[in-house]
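Just so we're on the same page: letters track the sequence lines, and every chain starts at 1. Worth saying up front: this structure is predicted, and the values here are computed from it rather than measured.
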Number of protein chains: 2
Amino acid sequence: MTYRAPVKDFMFGLKELAGLDQLTQIPAFEEAGLETAAAVLEECARLNENVVAPLNWDGDQKPSFWKAGQVITTPGFKDAFKQFVDGGWQGLQHPPEFGGQGLPKAIGAACIEMLNSANLSFALCPLLTDGAIEALLTAGSDEQKATYIPPMIEGRWTGTMNLTEPQAGSDLAAVRTRAEPQADGTYKIFGTKIFITYGEHDMAENIVHLVLARVVGAPEGVKGISLFIVPKFMVNADGSLGERNDVHCVSIEHKLGIKASPTAVLQYGDHGGAVGTLIGQENRGLEYMFIMMNAARFAVGIQGIAVADRAYQKAVQYARDRVQSRPVDGSLPTAGAIIHHPDVRRMLMTMRSLSEGCRALALVAGAAYDAAHHHPDADTRRVNQAFYEFMVPLVKGYSTEMSLEVTSLGVQVHGGMGFIEETGAAQYYRDAKILTIYEGTTAIQANDLIGRKTARDGGQTAKAIAGQIEVTEAALAAHSSVAAQTYARRLKAARLAFIEVVDFVAGRTKAHPNEVFAGSVNYLMLAGNLMAGWQMGRALLAAEDAINEGDDVPFMTAKIATARFYGDHILTRVPGLRDSVIDGGESVCALALEAF
Amino acid sequence: MTYRAPVKDFMFGLKELAGLDQLTQIPAFEEAGLETAAAVLEECARLNENVVAPLNWDGDQKPSFWKAGQVITTPGFKDAFKQFVDGGWQGLQHPPEFGGQGLPKAIGAACIEMLNSANLSFALCPLLTDGAIEALLTAGSDEQKATYIPPMIEGRWTGTMNLTEPQAGSDLAAVRTRAEPQADGTYKIFGTKIFITYGEHDMAENIVHLVLARVVGAPEGVKGISLFIVPKFMVNADGSLGERNDVHCVSIEHKLGIKASPTAVLQYGDHGGAVGTLIGQENRGLEYMFIMMNAARFAVGIQGIAVADRAYQKAVQYARDRVQSRPVDGSLPTAGAIIHHPDVRRMLMTMRSLSEGCRALALVAGAAYDAAHHHPDADTRRVNQAFYEFMVPLVKGYSTEMSLEVTSLGVQVHGGMGFIEETGAAQYYRDAKILTIYEGTTAIQANDLIGRKTARDGGQTAKAIAGQIEVTEAALAAHSSVAAQTYARRLKAARLAFIEVVDFVAGRTKAHPNEVFAGSVNYLMLAGNLMAGWQMGRALLAAEDAINEGDDVPFMTAKIATARFYGDHILTRVPGLRDSVIDGGESVCALALEAF
């Protein structure tokens, strides 16, 4: 077996950190307790371990390919997708009235991680469909919802996001795709979209493209962008498929990684115009697309955790098997498995603690989303929404950046064998590289963190979270173990650094934007490091308590060891990042443009 | 042009940091002053920019391939290699009596960087030949030198290092290849060697394999390993080629990067035994191989700098061309080139300052090698040898680790386009990944730094170097500029952290090996960061002095800006690394083996 789903760690996180028991007090989630979670996760693990994971390497070796406008996916994908949707996994988090199961995002996050660990390329198709469903749920008309959501949940149709154009990447103000209103209320769409994930494929009957375009005469910039549904095949009134729409895949990209996931160039309107229907109101497209994007960003953050865990598991396996040299402490009489060497342990622990820390953060953020959307109390909803929104750029930015470090270490543990493609470690290294780029680069996440999430409310949300961290510090300090005491100190140092940086950002963004934005990514890395470290501190507490009650001692002991490592080796990066942000803004932009 | 050699920066480093003028006081280098250096570098730049660099992308797209025991290299490589050797570049650093030019390693380092920036895969062939020449110069008999070195310098023949076997990677004690003594004084060699760079190719008439093997009856472990010359074609007494030897390439690897460089599996003795001649004495093979390896490690460190600079140049080009979004400070009325965005600047400056810092360190280390080998005064030789040996694991380990960060940022600057292979940025990311692995992984370098370079002399060499850094701090503090004052503080903080770690290593390695070796790579990163930062501090001083004299103000101003960035953003990583090493040793090995 090439992948073992960390079901125990998910359950620990859901119970001890994300507070799943509390979520069940929300009417919508009465049934979604620990027992349900355990059953869902076990079933999900089975599918992903046995069906989806074995296709990961195949996808790299036999990528999707384009032929005369069609895209043929990797052999086995079509069947696996059928098993995925037949199992009801596409509808996991979506409302029962459209055929979904209405489970909390916290549980969904665990399932999404498993799917992505199993196969990043495969998982992208459901990921984008999830986004399309969320956008329609929020902004679609009743008719649009009824027409498009059920088939997407059933997996007969899939969804895409069409934002990027050759001149419009991070800068959506530059979108040029044109929408011409028709007498029947529809629009004709003309333009070229690039980097469209699963923009064309053979796993479903229809593809529902959500497309950003500019209605003729609309204002310049982001305020003139509208969102349209443009299905690959037109949909008849009875839901059956009609004529082929005028949107065509003219090529797919040759990429560094996630090769099985077709990245399409889509041409709209070359034969008279693609027929689209408006979602919501004209010129509010970006607002709706952000719904989709926020869901997608959270999911991409989970992709980072997922690929990191898979890389970790592979590296552990190799480190156990590969015999090379006698340990430095002479603990073995002859050469031993390289997992005995301290530096191999350091690499594996770095991989493990980063993955577990980010996983804990994602589960907690997922639970906040659930409370934000479903809690009966408005104030609780508001607080949780602010918390969730603060965490989204961190889950996306930090988890994906850490996945680069982890997958790189994964290759390194394998030594020379890691550089040989057949070993498979290099695939994770290549696949992961897209994660810091798509759905908003790390810099875009960092801009969001600075602008909308920190400067806008003068650092209030950030400080409130820092207050919660202080509570964890106090609880750690009240535990008598050296591990807890040490962790409390490390967490405090990191929190104080965070507060300094938040003050810096809140106080200077307006007057000195360059200086602050020069430190944006370092701020994001600092905050992500702290927030994941906070959760590891909470995990340490829960694990010590569990051990006192004799509850799964081996697992809890391992959790404590992993948290300690996080404290000593990852949280310690924070003060350097603070110096870099607070003192280093000027030197970032000091070099004259012509001197580069 | 896809690559512009940084000749000005080389000349600055050679003059201001490596002290080339002082080297000319050594009899062997009387002619090797700044004027010679300038002429050599210009010529070298021309060849690499125009001939070698354009083949880099071709090599990735049309890698070397194996066919019936032969390896056919990328179209154009053979001709480029001819131009390279006809220009005398293979002999640059080698003795005139064998046809070389006898130039200092400091100048050679610059030339090797250019060759590797131009084309990492291509450069590996001369790199290995250099190593073979150095090994023969030190340990070969007069006859072996006369037979093998001139044709290698002429480029008619090339050299390889044959260490690795399937069960013997980092652990050379496990070498099993067998050597049977023959009546005529030769040996018959039997065994399988893997990962042999340019172990087979079509660019030269003959290939000189230096092979580690165990003479029948030799002691177990590293003390029973001998080194042999096994040419692909036997060499007649007059130097002409004789029969084909019994060494055959049975396959080449399918790799993540450096695809044009054939990585061979070589089979020795399947048809009666490959004929080899012993180098030096039996059972001293590892000692001789280390000569070759030290030269190769230094060169691989330069490969890191080289690929980092190439990635930097490509990223700058893209950042100047790609228009996207209006700058946050409103300095442009509309969307501008992304180089105007602070985070893009941060990425480019990180790439630039790491590359320049490591380059400065390599040039200084190269000059120390020259003094160590050629200075008339024995004491000066000894001091420089200790300095050089301390720097080798840092040049190798730190420069290659930083190249992973730099090439990753290089992709990131390109956004989505960076993930598309045709863009070319991903090639550097893939190519660089081997550098932290071959010629001794980063962990192996770190073990060397701890064992032979720090613990063995109780930290004496390390402390002596720290003393030199203190002198630089004082000089910085004596300059009145804010840049110099700030840099002095940062350098001091990093030096003090270094001393703490050196004391920790010197004091605890024997009694607590696991705890110390758990921090080995972090110690290496700390030391490399400091040593490169020290050179950037010296560069800052020299640049301020030059500006006072009105000397090339734009270049010197840029150097100061780059040094400042290094101080604020790279040196600031040091204290976190210190904490990790000193306080974190225990938590690295705390997780039970069965819990991974």
Side-chain angles (χ1 to χ4, degrees), chain A residues 169-171 174 195 253-256 316 324-325 328-329 335 339 342-343 345-346 348-349 404 408 411-412 415-416 419-422 426 433-434 436-438 441 443 513-514 517-518 520-521 554 558 561-562 564-565 568-569 572-573 575-576 579-580 583-584 587-591 593 595-596, chain B residues 169-171 174 195 253-256 316 324-325 328-329 335 339 342-343 345-346 348-349 404 408 411-412 415-416 419-422 426 433-434 436-438 441 443 513-514 517-518 520-521 554 558 561-562 564-565 568-569 572-573 575-576 579-580 583-584 587-591 593 595-596:
Chain A
S170 297
D171 184 8
F195 294 167
E253 306 291 353
H254 172 221
K255 307 191 299 296
L256 172 62
V316 167
Q324 203 74 174
S325 298
V328 283
D329 64 356
I339 200 167
D343 188 64
R345 294 286 264 276
R346 176 192 64 86
L348 295 177
M349 288 304 294
L404 301 186
S408 178
V411 175
Q412 190 73 19
F419 202 66
I420 307 300
E421 284 288 3
E422 284 77 3
K433 194 72 199 79
I434 191 60
T436 59
I437 296 171
Y438 65 17
T441 64
N514 277 347
F517 281 97
S520 62
V521 168
T562 308
R564 281 180 61 197
F565 185 92
D568 289 349
H569 298 274
T572 43
R573 297 175 182 176
D579 292 350
S580 196
D583 302 335
S587 59
V588 169
C589 299
L591 190 75
L593 270 185
F596 275 91
Chain B
S170 296
D171 184 8
F195 294 168
E253 306 291 352
H254 172 222
K255 306 189 302 293
L256 172 62
V316 167
Q324 203 75 173
S325 299
V328 283
D329 64 355
I339 200 167
D343 187 64
R345 293 286 265 276
R346 176 192 65 84
L348 296 177
M349 288 303 294
L404 301 186
S408 178
V411 175
Q412 190 72 19
F419 202 65
I420 307 299
E421 283 289 4
E422 284 76 4
K433 195 71 199 80
I434 191 59
T436 59
I437 295 171
Y438 65 17
T441 64
N514 276 348
F517 281 96
S520 62
V521 167
T562 308
R564 281 181 60 197
F565 184 93
D568 289 351
H569 298 275
T572 44
R573 296 174 183 177
D579 293 349
S580 197
D583 302 335
S587 59
V588 170
C589 298
L591 190 75
L593 269 185
F596 275 92

Requested in this report: Check the pair A:Glu253 / B:Phe419 against side-chain contact (heavy atoms from CB on, under 4.5 Å), numbers first and verdict last.
Outcome: CA-CA 9 Å; A:Glu253 306 291 353; B:Phe419 202 65; over 6 Å; no
Part of [X] lying under 4.5 Å from any heavy atom of chain A:
X: B:Val328; value: both
X: B:Ala443; value: both
X: B:Thr436; value: both

Report task. May I have the step-by-step check of side-chain contact (heavy atoms from CB on, under 4.5 Å) for A:Phe517 and B:Asp343, ending in yes or no? Result -> CA-CA 7 Å; A:Phe517 281 97; B:Asp343 187 64; over 6 Å; no
Query - Region of A:Leu404 in contact with chain B, defined by heavy-atom distances below 4.5 Å - result: side chain
Query raised in the report: Considering only heavy atoms, which portion of A:Ala518 lies under 4.5 Å from any heavy atom of chain B: side chain, backbone, both, or neither?
Result: both
Determine the minimum heavy-atom distance between [X] and [Y], stating which atoms define it.
X: A:Arg345; Y: B:Cys589; value: NH2-O, 3.6 Å
X: A:Ser325; Y: B:Asp171; value: N-OD2, 2.8 Å
X: A:Gln324; Y: B:Ser170; value: OE1-N, 3.1 Å
X: A:Ala595; Y: B:Ala558; value: CB-CB, 4.0 Å
X: A:Ile437; Y: B:Gly416; value: CG2-N, 3.3 Å

Query raised in the report: Where the side chain of B:His569 meets the backbone of A:Gly584, is there a donor-acceptor pair that is under 3.5 Å apart?
Result: yes
Query - B:Leu593 side, atom CG; A:Ile339 side, atom CD1 - distance, nearest 0.5 Å - result: 5.5 Å
Is there a side-chain contact between [X] and [Y] in this structure, where contact means two heavy atoms from C-beta onward sitting under 4.5 Å apart?
X: B:Thr572; Y: A:Asp583; value: no
X: A:Val521; Y: B:Arg346; value: yes
X: A:Lys255; Y: B:Glu421; value: no
X: A:Val588; Y: B:Phe565; value: yes

Query raised in the report: A:Ala335, A:Ala174, A:Ser408: which one forms the most heavy-atom pairs within less than 4.5 Å of chain B?
Result: A:Ser408
Looking at [options], which one has more heavy-atom pairs under 4.5 Å with chain A than the rest?
options: B:Glu422, B:Met349, B:Arg573, B:His254; answer: B:His254
options: B:Thr441, B:Asp579, B:Ile434, B:Leu348; answer: B:Ile434
options: B:Pro554, B:Pro513, B:Ser520; answer: B:Pro513
options: B:Gly576, B:Ala590, B:Ser580; answer: B:Ser580

Query - Trace of the side-chain contact (heavy atoms from CB on, under 4.5 Å) decision for A:Leu591 with B:Thr562 - result: CA-CA 7 Å; A:Leu591 190 75; B:Thr562 308; 4.2 Å; yes
Report task. Step by step, work out the side-chain contact (heavy atoms from CB on, under 4.5 Å) result for A:Lys433 and B:Gln412. Result -> CA-CA 8 Å; A:Lys433 194 72 199 79; B:Gln412 190 72 19; 3.2 Å; yes
